[in-house]
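All remarks here apply to the structure that follows.
By convention in this document, chain letters (A, B, ...) are assigned in the order of the sequence lines, proteins followed by strands, and residues within each chain are numbered from 1. All heavy atoms count here, side chains included; hydrogens, waters and symmetry mates do not. Computed from a predicted model, the values in this text were never measured in an experiment.
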Amino acid sequence: MEYNFRDIEGKWQNYWREQQSYRTEIDTKKQKYFVLDMFPYPSGAGLHVGHPLGYIASDIVSRYKRLKGFNVLHPMGYDAFGLPAEQYAIQTGQHPKVTTEQNINRYCEQLDKIGFSFDWSREIRTCEPNYYKWTQWIFIKLFHSWYNPKLDKAEPIENLIHLFEMNGYPADTIENFTGNIEIEIQQFSAADWKSFGEKKQQEILLNFRLAYLSEAWVNWCAGLGTVLANDEVKDGVSERGGFPVERKRMPQWSLRITAYADRLIKDLDELDWTDSIKEAQRNWIGKSEGTSIRFQLKQHAESVDVFTTRPDTIFGVSFVTLAPEHALVNQITTDDYRDAVNEYVTIAKNRTERERQADVKRISGQFTGAYVTHPFTGKDIPVWVGDYVLAGYGTGAVMAVPAHDSRDYAFAKYFDLAIPQVIEIPSDANHSGLDKESYDEKSGKLINSDFLNGLDVKVAIRKAIDAIEKNIFGKGRVNYRLRDAAFGRQRYWGEPIPIYYKDGIPYTIDESDLPLILPEIDKFQPTDDGNPPLARATNWKYKGEYEYEYTTMPGWAGSSWYFLRYMDPHNEKEFVSKEAVEYWKNVDFYIGGAEHSTGHLLYVRFWTKFLFDLGLIPINEPAQKLINQGMIQGVSAFVYRIAGDNKYISFGLKDQYETTALHVDVNITTNHVLDLYKFRSWREEYKDATFILENDQYICGSEVEKMSKSKWNVVSPDDIIDEYGADTLRLYEMFLGPLEQSKPWSTLGISGVHNFLRRAWRLFHDKESNFTISNEKATPEELKVLHRTIKKMEEDLERFSFNTTISLFMICVNDLTDLKCNKREILEPFLILLSPYAPHIAEELWNKLGNKESITKAIFPKLNETYLVEDNFDYPISINGKVRFKMNLSLKLSKEDVEQSVMTSEEIKKHIQGSPKKIIVVPGRIVNVVI
RNA sequence: GCUCGGGUGGUGGAAUUGGUAGACACGCAGGACUUAAAAUCCUGUGGCCUUAACAGCUGUACGGGUUCGACUCCCGUCCCGAGUACCA
């Protein structure tokens, strides 16, 4: 009986399903461990071999932690709302619900074949009403909350109303805290507040709510017919679909994530995440500390506020630049310049984001004719308009210091403006002089700067801020790059926003009316008058009277809290019960793609902190440990068609002709050799194809690209499982290299791990393939092989180094084969170790051996003890960075001997001077000196 | 441009964080078994020189440094990947 993975895997997958082997319940006697995968969006293409990479790793961790006695929560679900299903619906009329469900079924089928230990009884789908009911519920909570800067946390909006009733606005208990975007709110007294009508009160409150409606600059994507959040836009085009994106001002639901900017940065320190993800989040939030400075306009009452991180260069200001969208531009432009400015502003505004970005090098701008007064010198400073200044960041205006800022420098050179130097360039600086480039470094001594002269830059910054604040020219202030998150999508396939309008004022629907079910509509396009698809729904009105909101929530809404729902997925009374969240707390091991580092991971942290602030959950961060699995790229194959002919030429000869490279399905090639027969029958157009071969073969060209259907380089896990089995797939994906590294898919090495499983199988069977196991006592040598494997396997797994553990198993099997060991005492523990990686084969052999539980208990408690058996220390030991030392090679040392022979490098030096014959470094960090 | 990774045999990659560089696997070469092939098993495999054998030299992108000892730490240079970008 050879290793028949097909029978074995089917058998045990059925068994696990029937027995509900991986069903998890709260068990307060056991320690919990929550292993979570970022749940997939079920796309029509099905799973490719890259998807399971993370799932396999998390499954190994889950199974391992279960063996160690933890109560493991390991669920799976689907992020089921999203654009592709809806785009498909628009094209075909097929309801997104139908396609989504088909895709989910396909995913489930594929996942089951890999032998994951998910608790499917906890499956969630974000598009189901009993799930999105609670997404809507959280939105309502956000709407009814504001961020109290004094307490540095969110609290119910009633508290703010109470403050207004007591003190009006502003009061010293409320700062003007509306997040990153400054909204002008007129001052009012407590009496004023009470005299305001409902409408006015609600309008004021909208400025403070964490979910709010406002006129805002948005990323409008005409191709998708919707607005997008910043992280959904890449290089000026939409991440999904690649349609151009432009800036547009329109009413827009947003979430005030900026209120949490500081906490989102600060709390990163406590997390066990990679530095690159933490860094990406810090950059995305983009905290920068600086100063706002007021420049008084001449012949106007108004002044221009600028934001700068370099107040020390205040004496180097040569002009002030406003963004084309800046509110003052129109007002301050003098008649002489009005036409030129209008023309410039119109052109600048009409350029799309993409054009602006593509054109960074091109300098453009226009003088307004207006002047401001320098706050310290009183000199006149010209005011310009330039599109290198962004309306959305800081105050939308900058003080230009061309000598010490490269963008100001380029602008000044182009328009021939003054470049006054205020920092002495250090002689050791690698700088070619101010007539060539600006000097941007934050080091050097100040010159030409009045009271700042002679100071070092860092000191000067502080002194400048002091002077500015003292003279009330401005104040120190913190700016964030992070914008509030656009939350409405002009789309059908998403959670309806539980809002209705009365007198043009938004109100939330009553909690008891949740969920607000997504209505059925006849077509999924926007209406002819440009309203979102939901406007097509008949009687889309609250209580039959008030218009509902037409936009739906973005794709990331449902994924921003899903980890909590897994703890209590069927609860109809609460989004999660206190009991469940008290027990499961947050995720212990979270794994997913690095592409979510600025989107999903910020939003889920934001929502978690919000729910924490309201006292609804006891945790402040969603996931303690985060790992990003690398992407598995596809290796695309190409054939080369000779121009104007249905003739194809092999890769090595293609340079002799003019050819077009065409993607060809990698599944009809083997090691770059094209299967000509399959190629001809692949597509109608290739039926009569002819070929020019080299060495009687057609060699395809290849290139590493992202795995995608359109590039014909998708390898399905199903094919691998058919040929080698799920256990081989699991081992191979882990063996491929470090989990976090991206790598192209290749099956070249797969026979190695498959062979390993067959050799392991053979340990339990004799030459005639009969199951046979010996009850003899193990020899010390055999025990050493086992214990070495146990120890290293635990060490490596605790630091999530999956690929190296597999090498260990291979060495172990090789050694046991050499020793012809088929002893129960060795093989039973070995199987336990193997079972997280190759659960099917382990389960099968277990079934023949006997009681798994008792052996697991016997072996795993010991993992916590030192497991080196009488080692003679002929291999590595190092404690506290000190070097272990043996005087003589032949001398066998006890543990104590080694402990006592700790030496410093100085001491070793002495020995070496004493004419040693040889210095040998032996395995591990023991220095061997033979004298 | 900035930030974060990375550069080790023909290939994927190890090296327990400063201690025998190249584990393990693929590939390749040779051998055993076979009429033959497949499968399986054994041997060899960084480079160079040399030997009957032992051994020797060299070697972790490049140049320098610290150290008894460097793939690992420090300085400089060159490449590759990811993220981000007129953020003042």
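- Picking from B:rA14, B:rC24, B:rC26 the nucleotide with the shortest atom distance to the side chain of A:Thr804 gives B:rA14.
- Counted by atom type alone, A:Ser807 and A:Thr804 present zero donor-acceptor pairs between their side chains at under 3.5 Å.
- Looking only at atom types and distance, the side chain of A:Thr805 has no donor-acceptor partner in the side chain of A:Asp796 under 3.5 Å away.
- The same atom, P, is picked in B:rU16 and in B:rC26; the two are 24 Å apart, to the nearest Å.
- A:Asp408 has its CG atom 20 Å from the P atom of B:rG1, to the nearest Å.
- OP1 or OP2 of B:rG83 has not a single side-chain nitrogen or oxygen of A:Ser276 nearer than 4.0 Å.
- Each of A:Arg799 and A:Gly396 has a nearest nucleotide on RNA chain B; the 5'-most of these lies closest to A:Arg799.
- Between B:rC73 and B:rG81, the distance separating the two P atoms is 23 Å to the nearest Å.
- Across all strands shown, B:rA14 has no partner, as no Watson-Crick or G-U wobble contact with both distances under 3.5 Å is found.
- A straight line from CG of A:Leu748 to C1' of B:rG13 spans 14 Å, rounded to a whole angstrom.
- Taking the O4'-C1'-N9-C4 or O4'-C1'-N1-C2 dihedral as appropriate, B:rG31 has a value more than 90° from 0 and is therefore anti.
- In this structure, a donor-acceptor pair under 3.5 Å is absent between the side chains of A:Asn479 and A:Ser288.
- Spacing between atom CE of A:Met793 and atom P of B:rU16 amounts to 20 Å, rounded to whole angstrom units.
- Between the C1' atom of B:rC42 and the CZ atom of A:Arg759 lies a distance of 11 Å, rounded to the nearest Å.
- Contact detail for A:Met399 and A:Val320: the closest heavy-atom pair is CA-CG2, 4.3 Å.
- Pairing for B:rG22 is absent, judged as Watson-Crick or G-U wobble with the two contacts each under 3.5 Å.
- In this structure, CG of A:Asp440 is placed 20 Å from P of B:rA85, rounded to the nearest angstrom.
- At a threshold of 4.0 angstrom between heavy atoms, the contacts of A:Asp796 with the nucleic acid are absent.
- Toward the 5' end of RNA chain B, the nearer of the two residues A:Met810 and A:Lys792, judged by each one's closest nucleotide, is A:Lys792.
- The pairing partner recorded for B:rG81 is B:rC4, the criterion being a Watson-Crick or G-U wobble arrangement whose two distances lie under 3.5 angstrom.
- If you take atom C1' in B:rA23 and the same atom in B:rG9, they sit 13 Å apart, rounded to whole Å.
- Applying the 4.0 Å criterion to OP1 and OP2 of B:rA82, one finds that A:Asn628 has every side-chain N and O outside that range.
- Minimum interatomic distance between A:Leu53 and A:Met734 (heavy atoms only, all atoms of both residues): O-CE, 3.4 Å.
- Between B:rU16, B:rA88, B:rC4, one nucleotide has an atom nearer to the side chain of A:Glu795 than all others, and that is B:rU16.
- Under the Watson-Crick and G-U wobble criteria, each requiring two contacts below 3.5 Å, nucleotide B:rA70 is left unpaired.
- OP1 or OP2 of B:rA14 has at least one side-chain nitrogen or oxygen of A:Asn803 nearer than 4.0 Å.
- For A:Phe735, the listed nucleotide lying nearest its side chain is B:rA25; candidates were B:rA15, B:rA88, B:rA25.
- Here B:rA88 is the nucleotide among B:rG13, B:rU84, B:rA88 with the atom lying nearest to any side-chain atom of A:Val389.
- The partner of B:rC41 is B:rG31, judged by Watson-Crick or G-U wobble contacts that both fall below 3.5 Å.
- Base pairing of B:rA53 is not made with any nucleotide, judged by Watson-Crick or G-U wobble geometry with both donor-acceptor distances under 3.5 Å.
- Rounded to whole Å, the separation between the C1' atoms of B:rG22 and B:rG12 comes to 13 Å.
- Listed nucleotides: B:rU84, B:rC86, B:rA14. Nearest to the side chain of A:Trp284: B:rU84.
- Rounded to an integer number of Å, the gap from A:Leu731 CG to B:rC26 P is 13 Å.
- Taking the side chain of A:Val398 as heavy atoms from C-beta on, and the options B:rG13, B:rA88, B:rU16, the nearest nucleotide is B:rA88.
- Nearest nucleotide to the A:Tyr388 side chain, out of B:rA15, B:rA23, B:rC86: B:rC86.
- Here the nucleotide nearest the side chain of A:Arg481, chosen from B:rA88, B:rU84, B:rU3, is B:rU84.
- Residue A:Arg282 is classed as having no contact, given no heavy-atom separation below 4.0 Å to the nucleic acid.
- Distance CZ (A:Phe411) to P (B:rA88): 18 Å, rounded to an integer number of Å.
- Comparing B:rC86, B:rA14, B:rA88 against the side chain of A:Tyr393 picks out B:rA88 as the nearest.
- Remark: B:rC62 base-pairs with B:rG76. Criterion, Watson-Crick or G-U wobble with two distances under 3.5 Å.
- Between B:rC28 and B:rC33, the two P atoms lie 22 Å apart (nearest whole Å).
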*Determine, stepwise, if the pair A:Trp384 / A:Tyr344 fulfils ring-ring contact (aromatic ring centres under 6.0 Å, His included).*
CA-CA 11 Å; A:Trp384 285 66; A:Tyr344 177 71; 9.5 Å; no
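- Here the side chain of A:Glu279 is nearest to one of B:rU84, B:rU40, B:rC4, namely B:rC4.
- Heavy atoms of A:Ser807 sit under 4.0 angstrom from at least one base atom.
- B:rG18 and B:rU60 have their C1' atoms separated by 15 Å, with the value rounded to a whole Å.
- Taking every heavy atom of both residues into account, A:Tyr480 and A:Tyr393 meet most closely at O-CE1, 3.7 Å.
- Here B:rA88 sits opposite no nucleotide as a Watson-Crick or G-U wobble pair (both hydrogen-bonding atom distances under 3.5 Å).
- Looking at A:Asp262 and A:Lys287, a side-chain N of the basic residue comes within less than 4.0 Å of a carboxylate O on the acidic one, giving a salt bridge.
- Taking atom CD on A:Gln741 and atom C1' on B:rA14, their separation rounds to 12 Å, with Å as the unit.
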